[in-house]
Novice: 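My questions will all concern the structure given below.
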2 protein chains.
Amino acid sequence: MSYTYEYPRPSLTVDCVVFGLDDDDLKVLLIQRGVEPFEGRWALPGGFVKLDESLEAAARRELEEESGLRPGHLEQLFTFGEPDRDPRGRVITVAYFALVKLSAHALRAATDAREAAWFSVWDTPKLAFDHADILNTALQRLKGKVRYQPIGFELLPPKFTLTQLQRLYEVVLERELDKRNFRKKILAMDLLEELDEVEQDVSHRAARLYRFDHKKYRQLEKAGFNFEL
Amino acid sequence: MSYTYEYPRPSLTVDCVVFGLDDDDLKVLLIQRGVEPFEGRWALPGGFVKLDESLEAAARRELEEESGLRPGHLEQLFTFGEPDRDPRGRVITVAYFALVKLSAHALRAATDAREAAWFSVWDTPKLAFDHADILNTALQRLKGKVRYQPIGFELLPPKFTLTQLQRLYEVVLERELDKRNFRKKILAMDLLEELDEVEQDVSHRAARLYRFDHKKYRQLEKAGFNFEL
DNA sequence: CGGCATAGTGTCCGGAGCACACCCGAGTCA
DNA sequence: TGACTCGGGTGTGCTCCGGACACTATGCCG
């Protein structure tokens, strides 16, 4: 089967920058390429868009196929389309930006036997194509967005301690925060549900667990409330 | 000439949302379509991307061709790619967001005789394709961005009064601002050069003119300064 | 020269942000 | 069993910023 057009057309792909949080380290999901070009190199998960699926659906599908992950947050990041970004010809890629709860998902082996793995975002191998640019753009977006939208919670398990939450912000923003001020501020927003549970299996005083109240956030948001760390 | 591929490919276009400021009204540039589909309807300026030009170059080229405008600010907005957004088939469009100094540019007749005109963003005719969505997205972006990046100046003439600047923010943000607080804040940033000139041809006390100091802004920006209205 | 239209200017108050240090509770180990 | 260790958890005071607020100045016009 082949397809013929009057004018030349580019290929269209989606690529996903998937972030996960592992204790004090921010991770990104990479896939080892099994085919040329850049065979053997690590790259962002992604692939070609089918002509009858939306861009976002394509991103979800590719991510599921290559890693088994279903992100808690997914949004369009940026479209990269420099003429020479792919040696095979003109390939436009719509990059997506995703957050997953690393704790909840084991990586499934990719269907096509390529390897998927988590890397620290501060220490990735050399990436295929312009994926380093894409990763960088995604990091900037995460840094900017985490402060005025409560998307950070998508990186944590459903029940978390305030210290975990603070660490998350410290890792993403790359700076230390004052414990008391952080707690004061985040609790004042009244978006966290205080649970009657504490951490388990720690060799010191156990911390109280909290849960993010999505419903309340949506209500407040409608009423004009602005999340801001 | 025709082009044949092993897999089907989408068409790729760029569309530009160009904003201009006309006194107290925010305007958007629209083009009347001369061909099907949506012949006669108003639409955003845009067109097909050539395979050897970057996306941004395509946006600039189309804008120049269809209106003669060269925007002072141009950035990628979002990529729209729903499968059914164009009746001709799968067409992905990368939308750009541009600001021009309305005062400085006369609209040139479009090369292909279609008409170009400015419309109030609050009162546009029914638009072709999903261009209403795109316009909406651009408006949100403008609203959000104008507060933490000094891009608003691209809408004003090079020399402007503080009242003009304030009006700009009021129009974009859709709320009134306090004159004294506004002046205090904007002048405290030390980004405006106070000129030894005043408005001309006004039938009341003439206001002093200012100029935005791009060089100083870049310096401060490097030093970690954050513009914030 | 009086009227009008816009320019231009300073103070006060309350709330938010930030810096800062000590006791608590649970487990561990000698 | 008691002392130690390790993070958990808490309140105050100061400063600075943001927001409310109203009058005088200047230039044109009739």
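In what follows, chains are A, B, ... by sequence order, proteins preceding strands, each numbered from 1. Any value given below was found using the heavy atoms of this structure, including those in side chains, with hydrogens, waters and symmetry copies removed.
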Novice: Could you tell me how the ring of A/Tyr217 sits relative to the ring of A/Phe225: parallel (under 30°), tilted (30 to 60°) or perpendicular (over 60°)?
Specialist: perpendicular
Novice: Looking only at side-chain atoms of B/Asn181, point me to the closest of D/dA20, C/dT6, C/dC20.
Specialist: D/dA20
Novice: Rounded to whole Å, please give me the gap between OH in B/Tyr210 and C1' in C/dA7.
Specialist: 10 Å
Novice: Would you indicate which nucleotide in D/dG11, D/dG19, D/dG9 comes nearest to any side-chain atom of A/Arg180?
Specialist: D/dG11
Novice: Rounded to whole angstroms, how far apart are CZ on A/Phe160 and P on D/dG7?
Specialist: 21 Å
Novice: B/Gln166 CD to C/dT6 C1': how many Å, rounded?
Specialist: 12 Å
Novice: Rounded off to whole Å, could you give me the CG-to-P distance for the A/Asp23 and D/dG7 pair?
Specialist: 12 Å
Novice: With DNA chain C as reference, determine whether A/Lys185 or B/Lys179 sits nearer its 5' end, using the nearest nucleotide of each.
Specialist: B/Lys179
Novice: Side-chain donor-acceptor pair under 3.5 Å between A/Arg183 and A/Thr163, yes or no?
Specialist: yes
Novice: Classify B/Arg208 by what it touches in the nucleic acid, base, sugar-phosphate, or nothing, heavy-atom distance under 4.0 Å.
Specialist: sugar-phosphate
Novice: Between C/dG8, C/dG25, D/dC29, which nucleotide has the shortest distance from any of its atoms to the side chain of B/Ser203?
Specialist: D/dC29
Novice: Taking any heavy-atom pair under 4.0 Å as a contact, classify B/Thr161: base, sugar-phosphate, or nothing.
Specialist: nothing
Novice: What is the separation between atom CG on A/Leu187 and atom C1' on D/dG11, rounded to the nearest whole Å?
Specialist: 14 Å
Novice: Expressed as a whole number of angstroms, how long is the span from A/Met189:CE to C/dG15:C1'?
Specialist: 16 Å
Novice: Checking A/Glu170 side chain against A/Leu177 main chain: does a donor-acceptor pair fall under 3.5 Å?
Specialist: yes
Novice: Got a donor-acceptor contact below 3.5 angstrom from the B/Lys185 side chain to the B/Leu229 backbone?
Specialist: yes
Novice: Within the side chain of A/Gln32, is there an N or O that forms a donor-acceptor pair under 3.5 Å with the backbone of A/Glu115?
Specialist: no
Novice: Looking only at the side chain of A/His204 (C-beta and beyond, no hydrogens), which of the listed nucleotides C/dG25, C/dT6, D/dA20 gets closest?
Specialist: C/dG25
Novice: Identify which nucleotide among C/dA26, D/dC21, C/dC18 has an atom closest to any side-chain atom of A/Arg205, counting heavy atoms from C-beta outward.
Specialist: C/dA26
Novice: Mind calculating the distance between CG (A/Leu229) and P (C/dC18) to the nearest angstrom?
Specialist: 9 Å
Novice: Nearest to the side chain of B/Asp178, heavy atoms from C-beta on, is which of D/dG9, D/dG8, D/dC21?
Specialist: D/dC21
Novice: Between A/Glu176 (CD) and C/dA19 (P), how many Å, whole number?
Specialist: 12 Å
